[in-house]
Amino acid sequence: MAGRLEGQVALVTGGGSGIGLAVVERYVAEGARVGVLQRSPGPAQALRERFGDGVVRVVEGDVRSAADQRRAVADTVAAFGGLDALVCNAGVWDYGRALERYDDDALVATYRELLDVNVLGCVLAVAAAREALVASRGAVILTGSPSGRFAGGGGPLYVASKHAVEGLVRQLAFELAPEVRVNAVAPGATRTALRGPAALGLGERRLDEQEQLTDAIAQQLPLGVVAEPADHASLYVLLAAREESSFMTASVLRSDGGVEVRGGGAARAAAAGAAR
């Protein structure tokens, strides 16, 4: 039985770990060939060894570089003959750093790093891929966050960046219609290798190594757990599959454990138990 993305070509930024890797794995399983723009050499080499160049093409580079973005698009198109879907997934989290905890220099440096990765990285990717996506009448899929709507999921810099991502979804959907559909997936708390800003000395700090933090987050969600990266991957398939999402653009699909109704479910049960 053919996969839902049989014959399609995708490019995923930040595809070497976490949600990006889960998307690459699922796209390959669904019949797609995938280009990846990956900054860290270790995950890049792991992808090459696992899949081979005939299925997954990896370009090492930084999403903040227009030249690297264009190189990734050119390599993917040259290897696989076109581009049907662009997934902008690379991101940085500020670990909830409050404004009062910054001095001026750290605030400016962190702003530039976080907004450049989370927002400029998406803009540069779409600019690089636009011509190929128009030719294929393809799809752009951005990775958002519940912080694109709600406070409390990060500090002011991260929350601002994810509000900006949702603004990009709407504006790019407006500008690229009718040839290209632009949507987003907004994953909530996920056990992933999401790192902090190097400007704060958190460049090697991974969310999936912070068990106390992820346990505390889980207790605030109605479902009582944080997600695994693969829990979100099918939504990225849906938005790339023309037969299943042909009338969807400017949409944000939320996969966040019910954060909008936080305090219900597991949190309510825990509170009731503590009151006994």
Side-chain angles (χ1 to χ4, degrees), residues 5 8-30 32-77 79-80 83 85-93 113-114 116-122 124-126 128-129 140-145 161 165 184-185 187 189-198 202-210 214 226-237 240:
L5 302 181
Q8 289 201 35
V9 177
L11 172 60
V12 180
T13 69
S17 65
I19 294 171
L21 176 57
V23 172
V24 172
E25 292 171 337
R26 187 62 181 272
Y27 276 20
V28 170
E30 294 284 351
R33 291 169 294 172
V34 184
V36 175
L37 177 59
Q38 173 62 39
R39 185 167 67 94
S40 302
Q45 185 58 29
L47 283 170
R48 294 186 186 102
E49 292 174 358
R50 178 177 175 185
F51 292 105
D53 281 349
V55 178
V56 174
R57 295 278 302 190
V58 184
V59 169
E60 292 183 34
D62 194 314
V63 296
R64 296 170 289 187
S65 164
D68 288 351
Q69 294 274 16
R70 293 194 178 278
R71 187 161 52 89
V73 171
D75 184 82
T76 301
V77 170
F80 300 137
L83 184 64
L86 170 68
V87 178
C88 300
N89 176 74
V92 180
W93 186 41
E113 180 180 354
L114 203 148
D116 279 0
V117 173
N118 292 0
V119 184
L120 180 61
C122 296
L124 292 176
V126 175
V140 172
I141 306 163
L142 307 185
T143 294
S145 165
S161 76
V165 167
V185 179
T190 305
R191 204 178 312 277
T192 182
L194 185 62
R195 299 177 188 268
L202 299 175
E204 298 305 315
R205 186 177 185 183
R206 295 167 44 138
L207 180 58
D208 57 4
E209 296 174 345
Q210 313 299 316
T214 54
V226 297
E228 298 298 331
D231 294 334
H232 312 294
S234 63
L235 299 179
Y236 290 85
V237 175

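Here the structure is a predicted model, which is why all the values come from computation and not from measurement. Side chains are part of it too, since the values below use all heavy atoms of this structure and drop only hydrogens, waters and symmetry mates.
- The distance from atom CD of Gln45 to atom CD of Gln38, rounded to the nearest 0.5 Å, is 12.0 Å.
- Partners of Thr143 according to the side-chain contact (heavy atoms from CB on, under 4.5 Å) rule, which considers only residues two or more places apart in sequence or in another chain, are Asn89, Pro187, Tyr236.
- Taking each heavy atom of Val12 and Val23 in turn, the nearest pair found is CG2-CG1, 4.2 Å.
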Would Leu202 and Trp93 count as a side-chain contact (heavy atoms from CB on, under 4.5 Å) here? Give the steps. CA-CA 9 Å; Leu202 299 175; Trp93 186 41; over 6 Å; no
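- Here the straight-line distance linking atom CG of Leu142 with atom SG of Cys122 works out to 5.0 Å at 0.5 Å rounding.
- Residues passing the side-chain hydrogen bond (donor to acceptor under 3.5 Å, both in side chains) test with Glu228, sequence neighbours excluded: Arg191.
- The nearest pair of heavy atoms linking Arg33 to Phe80 is NH2-O, 3.4 Å.
- Checked for salt-bridge contact, Asp116 and Arg64 miss the test: no charged N lies under 4.0 Å from a carboxylate O.
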Check step by step if side-chain contact (heavy atoms from CB on, under 4.5 Å) holds for Val185 and Ile141. CA-CA 7 Å; Val185 179; Ile141 306 163; 4.2 Å; yes
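- Under the salt bridge (charged side-chain N to carboxylate O under 4.0 Å, His left out) criterion, Asp231 pairs with no residue at all, not counting sequence neighbours.
- Heavy atoms only, all atoms of each residue included: Arg26 and Ser234 are closest at NH1-CB, 3.6 Å.
- Listed here is the closest heavy atom pair of Val55 and Ala32: CG1-O, 4.4 Å.
- Looking only at side-chain heavy atoms (C-beta outward), Arg70 and Asp75 stay at 4.5 Å or farther from each other.
- With sequence neighbours left out, the side-chain contact (heavy atoms from CB on, under 4.5 Å) criterion links Ala90 to Thr13, Val63.
- A distance-only check finds a donor-acceptor pair linking the side chain of Asn118 to the backbone of Val92 [under 3.5 Å].
- Closest approach of Ala240 to Ala85, counting heavy atoms only: CB-CB, 4.1 Å.
- Of all the heavy atoms in Leu86 and Ala129, the pair that sits closest is CD2-CB, 4.0 Å.
- Here Arg71 does not pair with Glu60 in a salt bridge; the nearest charged N to carboxylate O distance is not below 4.0 Å.
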Do Val56 and Val36 pass the side-chain contact (heavy atoms from CB on, under 4.5 Å) test, and can you show the C-alpha distance, the side-chain angles, and the key distance before you say yes or no? CA-CA 7 Å; Val56 174; Val36 175; 4.0 Å; yes
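- Listed by chain and residue number, Leu115, Ser161, Ala164, Leu168 satisfy the side-chain contact (heavy atoms from CB on, under 4.5 Å) test with Val119 (two or more places apart in sequence, or in another chain).
- Qualifying salt bridge (charged side-chain N to carboxylate O under 4.0 Å, His left out) partners for Arg39, counting only residues two or more places apart in sequence or in other chains: none.
- Annotation: side chain of Val226 is not in contact with side chain of Thr190 (no heavy-atom distance under 4.5 Å).
- Between Arg50 and Glu25, the closest side-chain pair of non-hydrogen atoms falls below 4.5 Å.
- One N or O on the side chain of Glu113 and one on the backbone of Ala198 form a donor-acceptor pair closer than 3.5 Å.
- Between Leu11 and Val73, some side-chain heavy-atom pair lies under the 4.5 Å cut-off.
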